Amino acid sequence: MELTILEGIAIDPNYALAGAVTGFVVGLTGVGGGALMTPLLLLIFGIAPHVAIATDLWFAAITKLIGAAVHNRRGHIDWGIVTRLWAGSLPAAGLVVAIVALSDPVGRTHWLTKTIGVVVILTALGIVFAPRLIAALNPATPDAEQPSRNRTSLTILAGAVLGALVALTSIGAGALGTVLLYLYPRRLLPHQLVATDLAHAIPLAMVAGAGYLVAGMVDWHILASLLVGSIPAVIAGGLSAGKLSGRKLQIALAAVLFAAGLKSLLF
């Protein structure tokens with residue numbers, strides 16, 4: 001059953017529900033945008049990989065824009081870190097976009113599905129084991145207000161790797177939380193980490209999605225349905241950040257992601 005809200009645009013309640021679940025998780029934890037939505041589109045709705053990636057990138061950009069606005073009004077975003085990440089992620093995403101625009105999306109269907117499966121599983125494992133790894137790797141030293149040159153370079157490099165990953169699969173921006181916790185263990189509180197992650201992901205998703213948009217791969221009907229559910233849900237998630245146990249939600253999300261990634265590899 002579909003609900004027509006504008007001429008030519010019908011809202012599918014199944015997509016709207018998927019958007020709502022994903023939007024709430026994104027607003028609350030900063031994780032789960034592409035990592036959750038892309039497998040849903042591939043495995044539950046049977047969308048072609050290149051269409052799923054293209055549509056999810058614009059879904060993520062718009063959803064995270066709303067979520068970041070909620071956090072920004074509360075002063076949670078660390079713009080210094082965001083700009084360093086952009087210095088690496090935006091050029092890398094632009095380069096991958098140029099390659100994608102010149103390639104044949106149909107011919108990439110099989111290996112794209114497998115690549116997405118691998119990235120989703122790695123994201124799930126990262127969510128589960130990141131706190132222990134970070135505690136083991138990070139010395140208990142005060143975090144300087146102004147980062148060292150080495151930390152700045154590592155932040156830019158991390159942005160570049162994630163930018164390429166997001167442009168290729170639409171997954172990876174949420175994994176940024178693990179990197180930021182390692183680089184800035186004492187500078188970012190959990191809600192600041194979520195907010196900074198969201199702010200970084202917005203132009204990254206737009207740049208990464210530009211090539212797919214030009215190539216006509218975005219499904220606007222699916223996107224509209226997803227956004228009807230996600231926009232109110234991401235606001236609710238953003239307002240709930242810091243009040244609910246984001247860690248427990250992340251563990252539950254990791255289990256779902258691991259199962260989705262495994263299915264992508266096996267089928």
Side-chain angles (χ1 to χ4, degrees), residues 26 29-38 53-54 56-65 67-69 71-72 76-101 115-116 118-120 122-123 125-127 130 133-134 137-138 143-212 250:
V26 168
T29 69
V31 180
L36 184 56
M37 182 53 69
T38 300
I53 292 170
D56 181 40
L57 283 169
W58 286 100
F59 164 77
I62 298 171
T63 299
K64 292 184 177 184
L65 178 62
H71 285 284
N72 188 48
H76 294 170
I77 299 174
D78 190 318
W79 290 106
I81 294 176
V82 170
T83 54
R84 294 175 204 123
L85 290 167
W86 282 341
S89 65
L90 297 184
L95 177 61
V96 173
V97 163
I99 296 173
V100 167
T115 301
I116 290 170
V118 171
V119 174
V120 168
L122 291 177
T123 300
L125 294 176
I127 291 171
L133 291 174
I134 292 166
L137 292 173
N138 260 309
D143 206 23
E145 181 65 26
Q146 297 297 328
S148 66
R149 180 177 300 178
N150 183 55
R151 181 177 289 139
T152 298
S153 299
L154 288 174
T155 304
I156 294 173
L157 177 61
V161 173
L162 288 167
L165 189 63
V166 170
L168 184 62
T169 67
S170 82
I171 302 169
L176 184 61
T178 303
V179 178
L180 292 183
L181 277 176
Y182 176 76
L183 293 173
Y184 304 92
R186 299 177 181 272
R187 178 165 170 168
L188 295 173
L189 296 173
H191 59 276
Q192 293 173 315
L193 179 68
V194 171
T196 301
D197 191 353
L198 287 174
H200 164 254
I202 296 164
L204 172 57
M206 290 180 175
V207 170
Y212 295 97
Q250 286 183 347

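Everything numeric here is computed off the predicted structure, so don't read it as measured data. Positions are given from 1 along the sequence.
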Identify the two heavy atoms, one from [X] and one from [Y], that lie closest to each other, and give their separation to 0.1 Å.
X: His76; Y: Thr196; answer: O-OG1, 4.1 Å
X: Pro203; Y: Ala199; answer: CD-O, 3.5 Å
X: Thr152; Y: Arg84; answer: CG2-CD, 4.0 Å
X: Ala92; Y: Ala164; answer: CB-N, 4.0 Å
X: Ala61; Y: Ala205; answer: CB-CB, 3.8 Å

Report task. Among Val97, Asp56, Ile53, find the one that has a side chain to side chain contact (heavy atoms under 4.5 Å, CB included) with Tyr212. Result ->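 Of Val97, Asp56, Ile53, side chain to side chain contact (heavy atoms under 4.5 Å, CB included) with Tyr212 is met by Ile53 alone.
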
Discussion item. Nearest 0.5 angstrom please: His200 NE2 to Leu180 CG, how far?
Written reply: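 If I round to the nearest 0.5 Å, the distance is 8.5 Å.
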
Between CG on residue Leu165 and OG on residue Ser89, distance to nearest 0.5 Å: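 One finds 12.0 Å between CG of Leu165 and OG of Ser89.
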
Pairwise side-chain contact, [X] with [Y], heavy-atom cut-off 4.5 Å (strictly under):
X: Met37; Y: Thr63; answer: no
X: Arg151; Y: Thr155; answer: yes
X: Leu204; Y: Leu85; answer: no
X: Asp78; Y: Gln192; answer: no
X: Trp86; Y: Val207; answer: no
X: Ile77; Y: Leu198; answer: no

side-chain contact (heavy atoms from CB on, under 4.5 Å) between Val166 and Leu57, worked out: CA-CA 8 Å; Val166 170; Leu57 283 169; 3.8 Å; yes

